[in-house]
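When a ligand or atom number is given, it counts from 1 through the structure's own listing order. All values reported here derive from a predicted model rather than from experimental measurement.
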Amino acid sequence: MTLLPATVHPEIRINSYGWYLRKRFGCRVSKVNVDAGFTCPNRDGSRGTGGCIYCDNSSFSPGATQPHISIEEQMLAGMDYHRKRLGSQKFIIYFQKFTNTYDSVERLQALYQRALAHPDVVGISVGTRPDALSDGAIELLAGIARERYVCLELGLQSMDDGILANINRGHTFDEYLGAVNRVSGRGMDICTHLIYGFPGESRAGFLKSAEMIASLGINSVKLHQLHAVKGTRLAELYNRGEFVPVAMEEYIAAAADFLELIPAAVTVQRLYGSAPLEIRVAPEWNLKNNQMWYAVLNELKARGSWQGKRRG
Ligand code: SF4
């Protein structure tokens, strides 16, 4: 019988984030999203305008945001949902929408502390961009991380500067490296967001990011396919035939390759992206999130493989 690395779940053959949290906190832990009313420097003109070409414009319309609802109310509703649906006992509050370090340190501190004040909250997860991390924000998060769990989610999407420019990402790979360098060793988990399927991207080019994740000591990853939703420039490109999504089989194979190439110690938070049917443009794979998650895991199983296998 094959001996899997200790961090790899024996059945699903990866180091899933849910499993990691269960071991770390001794119970089921769920992430609860809150919208604290942030914006994004790649939309407001300070870094760029228009945003990334796949950025969901509808989420910037007033009706789609919830900052008028206090984060405490959002937290209670989310925790209630996860308690009933999954039996979760503890929670990580996920500042998810837009760029969640893009404000004064005083406002950030107040928001993060409000989230941490609930007795069932074990920590926070903060989604941001590499170019939106002030020294003050890093000091604040490092201070919180001395006592509580903190995960900093850094959007990178691609390590290819040509792709970053084409998607109007508004930052370079070098800026991502600089951000990782400044945050490493400060007690926070670092989660990197990646996308596969950009126009002109090869599987071999994408897989270089697995080595990058290993060499930088990144703790966690989120991966999804490039997908277009209504109202985005990517949807326009798709409608003009200038964006052809990768085939589902190609995505599954590339995701399995990626998992084989990253260290077994890296936790895996996501393997697929989805959009509500009413705004989805392409691709139309018609698989639910968990079916796609298991399609990748089944590919690993069919190969007789597991996360980190190709690292030797
Ligand atoms: S960084 Fe995120 S919020 Fe900002 S434009 Fe890109 S996708 Fe949209």
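The atoms of ligand 1 that sit less than 4.0 Å from any heavy atom of Cys40 are 1 (S), 3 (S), 4 (Fe), 5 (S). The contact set between ligand 1 and Arg169, taken as ligand atoms under 4.0 Å from a residue heavy atom, comprises 1 (S), 6 (Fe). Each of the atoms 5 (S) of ligand 1 lies under 4.0 Å from some heavy atom of Arg43. Numbered from 1 in the order shown, with element, the atoms of ligand 1 that lie under 4.0 Å from a heavy atom of Gly51 read 5 (S).
Legend: residues meeting side-chain hydrogen bond (donor to acceptor under 3.5 Å, both in side chains) with Ser125, ordered by chain and number and at least two apart, are Glu153.
A cation-pi arrangement is found for Arg107 relative to Phe38, the charged atom lying closer than 6.0 Å to the ring centre and inside a 45° cone about the ring normal.
Every heavy atom of Lys97 sits 4.0 Å or more from the atoms of ligand 1.
Side-chain contact, Asn286 with Arg280: a donor N or O sits under 3.5 Å from an acceptor N or O.
Using a 4.0 Å cut-off between heavy atoms, Cys52 contacts ligand 1 through both its backbone and its side chain.
Taking the six-membered ring where tryptophan is involved, the planes of Phe95 and Tyr112 are perpendicular, since the angle between them exceeds 60° and thus also 30°. Ring planes of Tyr272 and Trp285: parallel class, angle under 30° (limits at 30 and 60°).
Within the 2.8 Å limit, Cys55 places no N, O or S atom next to atom 4 (Fe) of ligand 1.
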